**Q** 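Sharing a structure, written as structure tokens. Questions coming.
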There are 2 protein chains.
Amino acid sequence: MAQHRTRAALPLERKFISRPTTLRVVEGCVALYRELGDGRRLIPDVLGPGRLFGSGLVDVQDCRAMTLAATSVETFDGPPQAAVIDVVMRQMLLRAQAHAILLGRKTAAERVATALLDLASQFARKSRSPSGKGKTTFNLHLTRADLADWLGLTLETVSRCLGAFKRGRLIAFDHPEIITIRDRTALEALAAGNARAFAA
Amino acid sequence: MAQHRTRAALPLERKFISRPTTLRVVEGCVALYRELGDGRRLIPDVLGPGRLFGSGLVDVQDCRAMTLAATSVETFDGPPQAAVIDVVMRQMLLRAQAHAILLGRKTAAERVATALLDLASQFARKSRSPSGKGKTTFNLHLTRADLADWLGLTLETVSRCLGAFKRGRLIAFDHPEIITIRDRTALEALAAGNARAFAA
DNA sequence: CGCATTTTTGATTCTTATCAAGACGAGTGG
DNA sequence: CCACTCGTCTTGATAAGAATCAAAAATGCG
């Protein structure tokens, strides 16, 4: 599936990637983003380990990519195989459509719940202690502002939602970047649009 | 580019398409849509003549398609060529990302302005009279409710925006479905996010 | 010519954005 | 080790934008 590849080892902190190649996230987190003329910014997708991106794939047009943590990526020398492109594009499109629903028709709380579940699935640590059933802990690589630009909200609203979830025992966190999911069922109900609770 | 094709001639009015084939819009208008559990609905894309869609292409997952006017489509017998899929997917992804920005970061007026320009480019009538410079007239195949579901708004807000544009001489319409663009420049400025005017 | 659907318009409410301080944490230099 | 500072996060008060509720006007259809 992969052509000749080189480990690029970019332990960049919030550096920018603009080279025209295809890349795969090995560890860490990459966010695609676009800036409007004025201050507005939008992050259409957040990529965890295993996800592919690069020119001619995803950041079509004028999207840029930025690493949000100590991140390493592999580069592919030639253009990737057509079959690979197809699979990745399909996944991107699927995610884009799901995200469109989120942006167009979900409340703030529903958006944050959806985001938490997505990030948990991409960044979950395997260390689920014997006691923890369904409890997942993961590193939220995004700041509140990044989350806001991903979810079409403001950073204050994101913070309020996370606070409300914490008070409601859906999640837990001491450090604002290390999140534990305590009640996945409730989060999923929220994300799906059931459960009208937890206004920001 | 096209394989053996048959004119399917579906002069359906808001009928539903669910067959697993690849289709091309010949004339009329097709909207892809998804329904959430409760009443909420979202239209991720609206397709005019020339656009391709169908299974394994666009309405990936559980998107459905619906015709919004007397519409005819061609069907392709086999699966389309890989190159065709690639081009179409790329276009869809591009549009999806642009739409994500609209949904995530634009005001109601900006969204409606963007939609009008998009629809004008897809459905413009060639009959630009000698006097009309830049004036385009087109048939808005979508109802206000459809527009709302496309733009992540309510039908009332859409109606108010259109009314505001009409009063501001940006557009004109007597029949609510036949729209004429009178000031394309202003609309484009609005759509781009400049010009803070015309709150709903 | 009614009847049903869509559109417009108005009044009000709600959610979220905006504005404004603080609080917390990490890193720096004395 | 301790101020100091910068960036992020939290929290509160207020405001703006769009949703909701409600009811007319158009429009289209049988």
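Please read all numbers here as calculations on a predicted model, not as lab measurements. Chain naming here is simple, since letters A, B, ... match the order of the sequence lines and numbering starts at 1 in each.
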**Q** 5'-most contact on DNA chain D: Lys106(B) or Glu177(A), nearest heavy atom basis?
**A**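 Closer to the 5' end of DNA chain D: Glu177(A).
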**Q** When the distance from CG of Asp149(A) to P of dT16(C) is rounded to whole Å, what number comes out?
**A**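 After rounding, the gap between these two atoms is 17 Å.
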**Q** Taking CG from Leu162(B) and P from dT7(C), how many angstroms apart are they, rounded to a whole number?
**A** 10 Å
**Q** Among dT20(D), dG12(D), dA19(D), which nucleotide has an atom closest to any side-chain atom of Arg160(A)?
**A**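 Nearest to the side chain of Arg160(A) among the choices is dG12(D).
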**Q** Please state whether the phosphate of dG28(D), meaning OP1 or OP2, lies under 4.0 angstrom from any side-chain nitrogen or oxygen of His175(B).
**A**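 Affirmative; the distance criterion is met.
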**Q** Looking only at heavy atoms, what is the nearest atom pair of Phe138(B) and Leu119(B), with distance?
**A**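 Closest pair (atom of Phe138(B), atom of Leu119(B), distance): CE1-CB, 3.7 Å.
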**Q** OH/Tyr33(B) to CD1/Ile101(A) distance, rounded to the nearest 0.5 angstrom?
**A**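 Separation between the atoms: 12.5 Å.
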**Q** Check every atom of dT10(D), dT11(D), dT7(C) against the side chain of Thr143(B) and return the nucleotide holding the closest atom.
**A** dT7(C)
**Q** Return the value, rounded to whole Å, for the distance between atom CG of Asp146(A) and atom P of dT8(D).
**A**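 To the nearest whole Å, that distance equals 9 Å.
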**Q** Is a donor-acceptor contact shorter than 3.5 angstrom present between the side chain of Arg167(B) and the base of dT8(C)?
**A** no
**Q** Figure out the CG/P separation between Leu155(A) and dC19(C), and round it to whole Å.
**A** 13 Å
**Q** Going by the angle between their ring planes, with limits at 30° and 60°, are His99(B) and Trp150(B) parallel, tilted or perpendicular?
**A** parallel
**Q** How many Å lie between CG on Leu142(A) and C1' on dC9(D), as a whole number?
**A**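 Whole-Å distance recorded here is 15 Å.
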**Q** Rounded off to whole Å, could you give me the CD-to-C1' distance for the Glu156(B) and dT6(C) pair?
**A**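 From Glu156(B) CD to dT6(C) C1': 12 Å.
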**Q** Round to the nearest Å and state the distance from Phe165(B) atom CZ to dT8(C) atom C1'.
**A**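 Taking atom C1' of dT8(C) as the reference, CZ of Phe165(B) is at 16 Å.
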**Q** Distance check: side-chain N/O of Ser159(A) vs OP1/OP2 of dC9(D), anything under 4.0 Å?
**A**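 Answer no for this pair, as no side-chain N or O of Ser159(A) is under 4.0 Å from OP1 or OP2.
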**Q** Looking at every strand, decide which applies to Asp174(A) at a 4.0 Å heavy-atom threshold: base, sugar-phosphate, or nothing.
**A** nothing
**Q** Does the side chain of Arg144(B) get closer than 4.0 angstrom to OP1 or OP2 of dT8(C) through an N or O atom?
**A**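 Checking Arg144(B) against dT8(C): at least one side-chain N or O falls below 4.0 Å of OP1 or OP2.
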**Q** Judged by atom type as modelled, is there a donor-acceptor pair below 3.5 Å linking the side chain of Asp146(B) to the main-chain atoms of Thr143(B)?
**A**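 Between the backbone of Thr143(B) and the side chain of Asp146(B) there is a qualifying donor-acceptor contact (under 3.5 Å).
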**Q** Between Arg105(A) and Ala145(A), who's closer to the 5' end of DNA chain D by nearest nucleotide?
**A**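 Per heavy-atom nearest nucleotide, the more 5' residue is Ala145(A).
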**Q** Distance check needed: dT16(C) P versus Arg111(A) CZ, whole Å only.
**A** 8 Å
**Q** Respond yes when some side-chain nitrogen or oxygen of Thr154(A) is under 4.0 Å from OP1 or OP2 of dT16(C), and no when none is.
**A**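 Thr154(A) to dT16(C) OP1/OP2: no side-chain N or O under 4.0 Å.
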**Q** On a heavy-atom basis, which atom in Val26(B) and which in Pro49(B) lie closest, and how many Å separate them?
**A**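 What the structure gives for the nearest pair is O-CB, 3.3 Å.
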